[in-house]
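Encoded as structure tokens, the structure appears first; notes follow it.
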Amino acid sequence: MRSMSSKLSSEFYQRNHVTDIAKELLGKQLVTNINGELTGGIIVETEAYNGITDRASHAFGGRLTERTKTMYEAGGVSYVYLCYGIHYLFNVVTGQKDIPHAVLIRGIEPTIGVDIMLERRNMTTVKPTLSAGPGVLSKALGITKELNAKSLLDEEIWIEDIGYDLAAHKMIECERIGVAYAKEDALLPWRYYLKGNRFVSKPNNL
DNA sequence: GTGCGGATGAACT
DNA sequence: GTTCATCCGCACT
């Protein structure tokens with residue numbers, strides 16, 4: 001058994017400020033247990049999607065559909081959706097019920113079940129392409145739409161605090177990726193990552 | 001019912 | 001740097 005780790009609580013997820021939660025998720029460990037196959041990694045990159053006023057969010061303007069209804073759950077559940085018809089993207093729903101905040105997980109540093117992650121990605125050696133990026137990270141962890149709307153307090157997918165030393169790493173805040181369609185909101189500094197980490201999805205010179 | 005385009009990644013030139 | 005795979009959510013007719 002490795003050193004003490006604790007699953008994040010409802011109280012952690014249900015706070016109001018999604019940007020705070022997005023920052024605090026850095027250094028936490030995301031774990032999946034898919035049919036007994038345990039895989040996971042340290043979160044090194046996140047993006048915040050801030051309620052109905054954020055033009056980059058699926059819930060902008062209060063849009064409530066079969067897909068987006070998961071975002072309106074109380075904080076502490078997963079929001080998984082298919083992007084570009086190819087990739088599943090994993091988000092953490094945060095805040096109170098009926099307030100659609102979410103944090104997109106964009107990069108993880110593999111720690112648990114690395115051999116299984118490699119197999120799912122058809123790779124033989126650990127490289128950043130294993131899990132740097134929201135689509136490939138989901139593939140490595142076995143996340144599909146089957147994991148949409150699952151409680152993060154349950155036993156299939158969760159996030160835990162492993163005492164990662166965040167103070168030893170500089171956190172960068174910058175604009176989000178791939179949201180040019182969001183006009184003025186595209187420039188908001190709601191992407192966060194650990195400077196210099198290999199598993200951040202895009203190189204950045206900040 | 002139809003049509004457009006996306007919170008991406010990988011294989012190209 | 002450019003192209004394209006591949007599908008469904010969503011808005012609109």
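Being a predicted model, the structure only gives us computed values, none of them experimental. Proteins get letters first, then strands, A, B, ... in listed order; numbering begins at 1 in each.
Comparing A:Thr129 and A:Gly178 against DNA chain B, the residue whose closest nucleotide sits nearer the 5' end is A:Gly178. Nearer to the 5' terminus of DNA chain C, by closest-nucleotide assignment, is the contact made by A:Ile86 (compared with the other of A:Lys145 and A:Ile86).
If you check every strand for non-hydrogen atoms under 4.0 Å, A:Arg55 touches nothing. Across all strands, A:Arg176 comes closer than 4.0 Å to no nucleic acid atom at all (heavy-atom distances).
The shortest distance between the side-chain N/O atoms of A:His58 and the OP1/OP2 oxygens of B:dA7 is below 4.0 Å. A close approach under 4.0 Å does not occur between any side-chain nitrogen or oxygen of A:Arg121 and OP1 or OP2 of B:dG9. Between C:dC10 and A:Arg67, a contact under 4.0 Å exists linking OP1 or OP2 to a side-chain N or O. Distances shorter than 4.0 Å separate some side-chain N or O of A:Arg63 from OP1 or OP2 on C:dA11. Within the 4.0 Å cut-off from OP1 or OP2 of B:dG5, not a single side-chain nitrogen or oxygen of A:Tyr181 is found. Checking the phosphate oxygens (OP1, OP2) of C:dG9, no side-chain nitrogen or oxygen of A:Thr65 falls inside 4.0 Å.
Aromatic stacking is not marked for A:Tyr84 over B:dG9, as the cut-offs of 5.5 Å for the centres and 30° for the planes do not both hold.
When the P atom of B:dA10 is taken as reference, atom CG of A:Asn122 falls 11 Å away, rounded to whole Å. Atom CE of A:Met71 and atom P of C:dC10 are 11 Å apart (whole Å). Atoms NE2 (A:His87) and C1' (B:dG5) sit 15 Å apart, rounded to a whole Å. Taking atom NZ of residue A:Lys139 and atom C1' of nucleotide C:dA5, one finds them 13 Å apart after rounding to whole Å. Here B:dG9 presents its C1' atom at 17 Å from CZ of A:Phe199, a figure rounded to the nearest Å. Distance A:Tyr88 OH to C:dC7 P: 10 Å, rounded to the nearest Å. Taking atom CD1 of residue A:Ile105 and atom C1' of nucleotide B:dT8, one finds them 16 Å apart after rounding to whole Å. What separates CE of A:Met123 from P of B:dG9 is a distance of 13 Å, to the nearest Å.
Look at the P atom in both C:dG1 and B:dA7: the space between them is 22 Å, to the nearest Å. A gap of 16 Å separates the C1' atoms of B:dG5 and C:dT3, to the nearest Å.
Of the possible polar contacts, none joining the A:Lys23 side chain to the A:Thr46 backbone as a donor-acceptor pair under 3.5 Å is found.
A salt bridge (Lys or Arg N to Asp or Glu O under 4.0 Å) with A:Glu45 is found for exactly one of A:Arg191, A:Lys202, A:Lys195, namely A:Arg191.
Between A:Glu47 and A:Arg176 there is no salt bridge, since none of the side-chain N atoms of the basic residue sits less than 4.0 Å from a carboxylate O of the acidic one. Using a 4.0 Å cut-off between charged side-chain N and carboxylate O, A:Glu155 and A:Lys150 make no salt bridge.
Judged by the 6.0 Å distance and 45° axis criteria, A:Arg15 is positioned over the aromatic ring of A:Phe12.
Across all strands shown, B:dA7 forms no Watson-Crick or G-U wobble pair with both distances under 3.5 Å. For B:dG1, the paired nucleotide is C:dC12, the pair qualifying as Watson-Crick or G-U wobble because both relevant distances are below 3.5 Å.
There is no side-chain donor-acceptor pair under 3.5 Å between A:Ser78 and A:Asn91.
Out of C:dG9, B:dA10, B:dA7, the shortest distance to the side chain of A:Cys83 is found at B:dA7. Nearest to the side-chain atoms of A:Ile177 among the listed nucleotides B:dG9, C:dC10, B:dT8 stands B:dT8. Listed nucleotides C:dC8, B:dA7, C:dC10 differ in distance to A:Leu82; the shortest reach to its side chain belongs to C:dC8. Here the nucleotide nearest the side chain of A:Val179, chosen from C:dG9, B:dA7, B:dA10, is B:dA7.
Using cut-offs of 30° and 60° on the angle between ring planes, the pair A:Tyr164 and A:His169 is parallel.
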